[in-house]
Amino acid sequence: MDFVETLLTDRLRSAVATVLGPGHAARDLQVRSATRPEFGHYQTSLPLRLAGPVADSPRRIAERLVERLDVEDVCLPPAVQGAGFINFTLRPDFLARRVNEILRDAALCVPRGEPQRVVVDFSSPNVAKQMHVGHLRSTVLGDVLARVLAFVGHDVVRQNHLGDWGTQFGMLIEDLLEEGHDGADLDLAGLDAAYRSARTRFEADAGFAVRARARVVLLQGGDRGTLAVWRRLVATSLTAFDEVYVRLGVELDEHDVAGESRYNADLPRVVDDLLAAGLLTESAGALCAFLPGFTTRDGSPLPLLVRKADGGFGYDATDLAALRYRVEELRADRLVYVVDVRQSLHFEQVFALARAAGWLPERVATDHVAFGTVLGEDGKPFKTRTGATVPLVSLLDAAQERATALLDDRGSTLQGAAREETARAVGVGAVRYGDLVNGLGRDYVFALDRMVAMDGNTGPYLQYAHARSVSLLARAGGSGDVVTLLREPAERRLAFAVTGFPGAVAAVAETLQPHRLCAHLHQVATALSSFYEACPVLSAEAEVRASRLALCRAAQRVLAVGLELLGIRALERM
RNA sequence: GCCUCCGUAGCUCAGUGGAUAGAGCACCGGACUUCUAAUCCGAUGGUCGCAGGUUCGAAUCCUGCCGGGGGCGCCA
């Protein structure tokens, strides 16, 4: 099924070719959603742009085009309005047909593109540290993008690029051993605390610093005892991360883990190959790649530090190795990195060097999904009053607590386990939606009160709209499969909203901007609520009743699948 | 200093070179013997940071300025 825009564009294109010649039909005809309801469903300003080239008035051109426009099966006679706009209003029977097609299709008519293997890098917490609010965006955005890309037919490979390697582990392991721990006797919160105290000790105690550095050498050299402790740290961390993922509804498990340590053995090869390619320069003892177009603060060339002066490797080298693995071993056609916007320059450099080295062929696309920082109410990066990071679980606890209060406040009849389960889904859904609804790139303020609110563009609002539609359909008892009548404006508005779903999902797959899907689902939910007010369903006369039920079912399906793509549970009762 | 992102309603934010710039919240006025009112209907609210430029047409593209965030060699 083509998008309606595509359909109208094709028809318009033949009219342009007939009336003005094929030369003019080649341009982008710009059929867009109407900016105002009185302009119908779609509009184009093409005649305004053709006025110059054709040497005629926009309105004349519009009238000539409309004369030859064959769209009878799709919309009412197109109107020439304003300075030379052509407005399209879809026919109710066409809208009904579209809704029915969506209703019949398991994938809701979301088009499947040319299948690609897409590697999505997201979440990437650090071993021995609790996941905190800073991991929320990468985890949730990445999860949604992976879901959406898979839904449109791509072969998605999730990669959790765990921070599981580096000098800090020497410090932590040395501290643990000196304090009599074996690495398995502490949970993640305990490890997190130990990490902080080890850090303090490292800075205050010169003797410890020396032993910590020696421990790094042991770890990197593969010392058995040291490695054993390290493995326990990783295992403990993964178990805790998994709990958070399950609770958040994130589709990410241990099979998706490919941490920094995995690329450890590849790092010398990365250096060798870059050296052989003549891409590295020695500078102050380090091996650097100086790429054209990158400069530092004083205007000198900005290096990518592939090997540090002490012989160690930084994350530049690790990211290069990971990129190479993803292209060569995972056979990626597209690499998506869901990582903080502050790493933009880093990724530009890594991609540029990989292209120069021939590790990133032209056919492989790269996307850095760069998102902004989560801020506290004070407008500064979200921290506790004492300046510590906020564990993700405590946020989810708070959200769930508020969701429970919300259910009680709204007189929910749910009790016991069902009540708790629902509160959990509402709380998590609120946090996820509150994150996803924001545009990428910019910072946003984490305001739990707004996220868990019943009003407005929130997760609970969408879940409620869904639950309500399920409830109505259940009462109706299964009748109503086909939309046949769309007489009321509220019915048409809802039908039109439903038909926008395939385009909204496709837009997210293309632009990697989940907030577009949020906006669309919110539109469907509000149209559904208005429809309830204006159009009685169960008490309506037989044919109207059946048609309205089908429309309702279509909206319910869109909300259910849409929420699923956002990783939010489409509840049946609230 | 250079690079980059941002500045849109009181607040939080959408916005693809097109018509009178949109949502949500808040505020104000209505609608509950319900299909779950967690809702709906309506009203108020704007020099799109400022100034130029390109264009038939600019929140959108270009330049400059003002204000803010972020980044800019051995942390990741």
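Sequence lines set the chain letters: A, B, ... in the order given, protein chains first and strands last, and positions in each chain run from 1. From a predicted model like this one, the values you see are computed outputs, not experimental measurements.
- With respect to Arg342(A) and Asp340(A), a salt bridge is recorded, a charged nitrogen being found less than 4.0 Å from a carboxylate O.
- The side chain of Ser471(A) contributes no N or O atom lying less than 4.0 Å from OP1 or OP2 of C35(B).
- Taking the six-membered ring where the residue is Trp, Tyr337(A) and Phe351(A) present tilted rings, their angle falling between 30° and 60°.
- Ranked by how close their nearest RNA chain B nucleotide is to the 5' end, Leu407(A) and Thr295(A) are led by Leu407(A).
- On a pure distance criterion of 3.5 Å, no polar donor-acceptor pair joins the side chain of Arg410(A) and the base of U36(B).
- With C1' as the reference atom, C32(B) and A38(B) are 14 Å apart, rounded to whole Å.
- The same atom, C1', is picked in U20(B) and in C25(B); the two are 24 Å apart, to the nearest Å.
- The side chain of Ser45(A) places no N or O atom within less than 4.0 Å of a non-bridging phosphate oxygen (OP1 or OP2) of A19(B).
- In this structure, Val470(A) and Gln556(A) have side chains that are in contact, with non-hydrogen atoms separated by less than 4.5 Å.
- Look at Arg475(A) and you'll find a side-chain N or O under 4.0 angstrom from OP1 or OP2 of U36(B).
- In this structure, CG of Leu528(A) is placed 13 Å from P of U39(B), rounded to the nearest angstrom.
- Separation of the P atoms belonging to G45(B) and G10(B) is 11 Å when rounded to the nearest angstrom.
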| request: Fill in the dot-bracket string of RNA chain B, one character per base: . for unpaired, | for a pair to another strand, ( ) or [ ] for pairs within the strand, taking Watson-Crick or G-U pairs under 3.5 Å. | output: (((((((..((((....[...))))..((((.......))))......(((((..]....))))))))))))....

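- A donor and an acceptor atom sit less than 3.5 Å apart, one in the side chain of Asn87(A) and one in the base of A19(B).
- Separating the CZ atom of Arg516(A) from the C1' atom of U16(B) is a distance of 8 Å, rounded to the nearest angstrom.
- Rounded to the nearest Å, the gap between the P atom of C62(B) and that of G24(B) is 32 Å.
- Ring orientation note: the planes of Phe501(A) and His520(A) are tilted relative to one another, at an angle of 30° to 60°.
- To the nearest angstrom, P of A14(B) lies 10 Å from CD of Gln513(A).
- As a whole-Å value, the separation of Leu320(A) CG from A76(B) C1' is 14 Å.
- Here Phe39(A) packs flat against the base of A19(B); its ring centre is closer than 5.5 angstrom to the base's six-membered ring, tilted by less than 30 degrees.
- Using modelled atom types, one side-chain atom of Thr511(A) and one backbone atom of Ala507(A) make a donor-acceptor pair closer than 3.5 Å.
- Judged by distance alone, with hydrogens and angles left aside, Tyr315(A) brings a side-chain donor or acceptor within reach of the base of A76(B), the pair sitting under 3.5 Å.
- In terms of phosphate contacts, His515(A) brings a side-chain nitrogen or oxygen within less than 4.0 Å of OP1 or OP2 of G15(B).
- A donor and an acceptor atom never sit less than 3.5 Å apart when one is taken from the side chain of Arg450(A) and the other from the base of U12(B).
- Rounded to whole angstrom, the span from the CD atom of Gln343(A) across to the P atom of G70(B) amounts to 15 Å.
- The aromatic ring of Phe85(A) stacks onto the base of A19(B), its centre lying under 5.5 Å from the centre of the six-membered base ring with the two planes under 30° apart.
- Straight-line distance from the CD atom of Glu510(A) to the P atom of U16(B): 13 Å, rounded to whole Å.
- Closest non-hydrogen pair, Leu462(A) versus Leu521(A), comes out as CD2-O, 3.6 Å.
- Between C75(B) and Lys308(A), a contact under 4.0 Å exists linking OP1 or OP2 to a side-chain N or O.
- At A31(B), none of the side-chain N or O atoms of Tyr532(A) fall inside 4.0 Å of OP1 or OP2 (strictly under the cut-off).
- At a cut-off of 3.5 angstrom, counting only N and O atoms as typed in the model, there is a donor on one side and an acceptor on the other between the side-chain of Gln43(A) and the base of A19(B).
- Along RNA chain B, the nucleotide nearest to Ala525(A) and the one nearest to Thr296(A) differ in position, and the one closer to the 5' end is contacted by Ala525(A).
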Distances under 3.5 Å between protein N/O atoms and the N/O atoms of nucleotides 3-7 of chain B, please, pair by pair.
residue, atom, partner, partner atom, Å
C6(B), O3', Arg442(A), NH2, 3.4
G7(B), OP1, Arg442(A), NH2, 3.4

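- In this structure, Arg262(A) does not pair ionically with Asp164(A), as no charged nitrogen and carboxylate oxygen lie closer than 4.0 Å.
- When only modelled atom types and interatomic distance are considered, Tyr195(A) and Asp175(A) share no side-chain donor-acceptor pair under 3.5 Å.
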| message | One pair to check against side-chain hydrogen bond (donor to acceptor under 3.5 Å, both in side chains): Asp319(A) and Tyr263(A). What are the steps and the verdict? | response | CA-CA 9 Å; Asp319(A) 277 347; Tyr263(A) 307 104; over 6 Å; no

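- Going from atom CD of Glu491(A) over to atom P of C40(B) covers 18 Å, rounded to whole Å.
- Per the geometry, CG belonging to Leu436(A) stands 20 Å off P belonging to G24(B), to the nearest Å.
- Taking every side-chain heavy atom of Pro303(A) into account, G73(B) is the closest of A19(B), C40(B), G73(B).
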